[in-house]
Amino acid sequence: TLLAELQEAHQQLQTYAGQAEELAVANERNRLARELHDSIAQTLYGLSLQSEVASRKLAAGRIEQVAEYLRDFRLQTQQTLRETRLMIYELRPPILEQTGLAAALQSRLDSVERRGGLKVEANLEEIENLSPQLEVGLYRLAQEALNNALKHAQASQINLTMKESQGNILLQIADDGIGFDPAAMEQQGGYGLESMRERAKQLGGSLDIGGAPGEGTIVTVEVPR
């Protein structure tokens, strides 16, 4: 009887695990759909309107105004290309398990930031024997900080550092972008800062955000090994 009950409980756990996985996949698809609508689709729609206005200006002989439209068109196109590369990268199977945390972070920088035209400085220590939970958590924190820098910071350079010090893992993401007031942004709930803090807390560590308008942003994560 006990064996039958254990088998039934095991089957139920497998069912619940499958349902949880399906829910996670559905949530991720919904997130990507929102990203596509809110960023890429909206930008492309705006670009189509701009091109129509520019063609009218050209027909009217207003060359200087057309040149301004084309400059803005180019900047927005570059930003959309960066965001598209980012989404493509997120859709690919994760390489974290196969390569390790440092190599996975380097791959992200090379595939998204560097290809997007940003200057990248990486100092990534290969830290062995990290738990899978810690590797995934640190990778997601770095990913979210990099996503924020890519989408909002208007940066030209990103520095990523990871090292072990006195039994703690230190992860730092810095950019030279337009910066913001972290306290004001957290009150508004922007950039997903609260979820980043919560993720760091779940790992037993802390997250600090430094910077100011016009001075770039530094995100520092410190968690125990």
Side-chain angles (χ1 to χ4, degrees), residues 13-14 16-32 35 85-114 118 120-153 155 158-175 182 185-186 189-211 216-225:
L13 286 174
Q14 286 183 318
Y16 294 150
Q19 291 173 346
E21 185 176 356
E22 290 177 1
L23 180 60
V25 170
N27 288 337
E28 182 65 9
R29 286 176 176 170
N30 288 336
R31 184 187 70 81
L32 289 171
E35 287 279 334
R85 287 198 180 107
L86 171 60
M87 296 194 69
I88 291 172
Y89 185 86
E90 290 182 342
L91 284 168
R92 291 173 181 165
I95 62 171
L96 186 61
E97 186 175 341
Q98 291 82 9
T99 66
L101 181 57
L105 290 173
Q106 185 66 60
S107 176
R108 156 63 196 246
L109 291 172
D110 293 337
S111 300
V112 179
E113 279 73 22
R114 199 183 301 277
L118 277 67
V120 173
E121 294 284 345
N123 182 14
L124 302 170
E125 180 181 325
E126 187 62 72
I127 304 171
E128 298 181 352
N129 300 321
L130 291 179
S131 68
Q133 179 186 6
L134 187 54
E135 277 197 336
V136 171
L138 287 170
Y139 182 79
R140 294 302 181 194
L141 282 165
Q143 185 180 50
E144 191 157 2
L146 290 169
N147 290 355
N148 283 338
L150 192 68
K151 294 178 180 179
H152 307 295
I158 291 180
N159 297 346
L160 180 59
T161 301
M162 183 178 68
K163 62 181 180 179
E164 183 177 7
S165 176
Q166 299 179 344
N168 290 336
I169 309 299
L170 182 69
L171 179 68
Q172 189 172 81
I173 304 95
D175 68 67
M185 189 58 66
E186 288 197 67
Y191 292 11
L193 302 183
E194 184 59 34
S195 65
M196 293 174 68
R197 289 195 189 280
E198 184 62 30
R199 188 185 293 274
K201 184 178 179 180
Q202 289 172 355
L203 297 174
S206 62
L207 180 142
D208 179 73
I209 301 173
T217 304
I218 301 177
V219 177
T220 303
V221 180
E222 188 170 4
V223 298
R225 183 177 171 84

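As a basis for the values below, the full set of heavy atoms in this structure was taken, side chains included, without hydrogen atoms, waters or symmetry mates.
- L118 and A155 make their closest contact through CG-O, 3.8 Å (heavy atoms, listed as atom of the first residue, atom of the second, distance).
- Nearest approach of I158 to A149, heavy atoms of both residues: CD1-CB, 3.9 Å.
- The structure places CG of D208 at 10.0 Å from CD of E222, a figure rounded to the nearest 0.5 Å.
- Residues M196 and V219 are in side-chain contact: their nearest non-hydrogen atoms beyond the backbone lie under 4.5 Å apart.
- From R114, atom CZ reaches atom CD of Q106 across 6.0 Å, with rounding to the nearest 0.5 Å.
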Derivation of the side-chain contact (heavy atoms from CB on, under 4.5 Å) call for L203 and I169 | CA-CA 11 Å; L203 297 174; I169 309 299; over 6 Å; no
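- Atom CD of E126 has more than 12 heavy atoms from other residues, nucleotides or ligands within 6.0 Å.
- Within the model, atoms CD1 of I173 and OG1 of T161 stand 9.0 Å from one another, a figure rounded to the nearest 0.5 Å.
- Nearest approach of L134 to P224, heavy atoms of both residues: CD2-O, 3.9 Å.
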From CA spacing to verdict: side-chain contact (heavy atoms from CB on, under 4.5 Å), L146, D175 = CA-CA 9 Å; L146 290 169; D175 68 67; over 6 Å; no
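- Contact annotation: the side chain of N148 never approaches that of T217 to less than 4.5 Å [non-hydrogen atoms, C-beta and beyond].
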Derivation and outcome, side-chain contact (heavy atoms from CB on, under 4.5 Å), residues Q202 and E198 = CA-CA 6 Å; Q202 289 172 355; E198 184 62 30; 3.9 Å; yes
Given side-chain hydrogen bond (donor to acceptor under 3.5 Å, both in side chains), test T220 with Q172 step by step and report yes or no.
-> CA-CA 4 Å; T220 303; Q172 189 172 81; 3.0 Å; yes
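- When every heavy atom of A142 is checked against every heavy atom of L105, the shortest pair comes out as CB-CD2, 3.6 Å.
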Tell me, with the steps shown, if I127 and E135 meet side-chain contact (heavy atoms from CB on, under 4.5 Å).
-> CA-CA 10 Å; I127 304 171; E135 277 197 336; over 6 Å; no
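- Under a 3.5 Å cut-off, the side chain of R197 and the backbone N or O of L207 do form a donor-acceptor pair.
- Side-chain atoms of M162 and V221, non-hydrogen and from C-beta on, never get closer than 4.5 Å to each other.
- No side-chain heavy atom of N123 sits less than 4.5 Å from a side-chain heavy atom of K163.
- In this structure, CZ on R140 lies 7.0 Å from CZ on R199, to the nearest 0.5 angstrom.
- For the atom pair L101 CG and L138 CG, the distance stands at 6.0 Å (nearest 0.5 Å).
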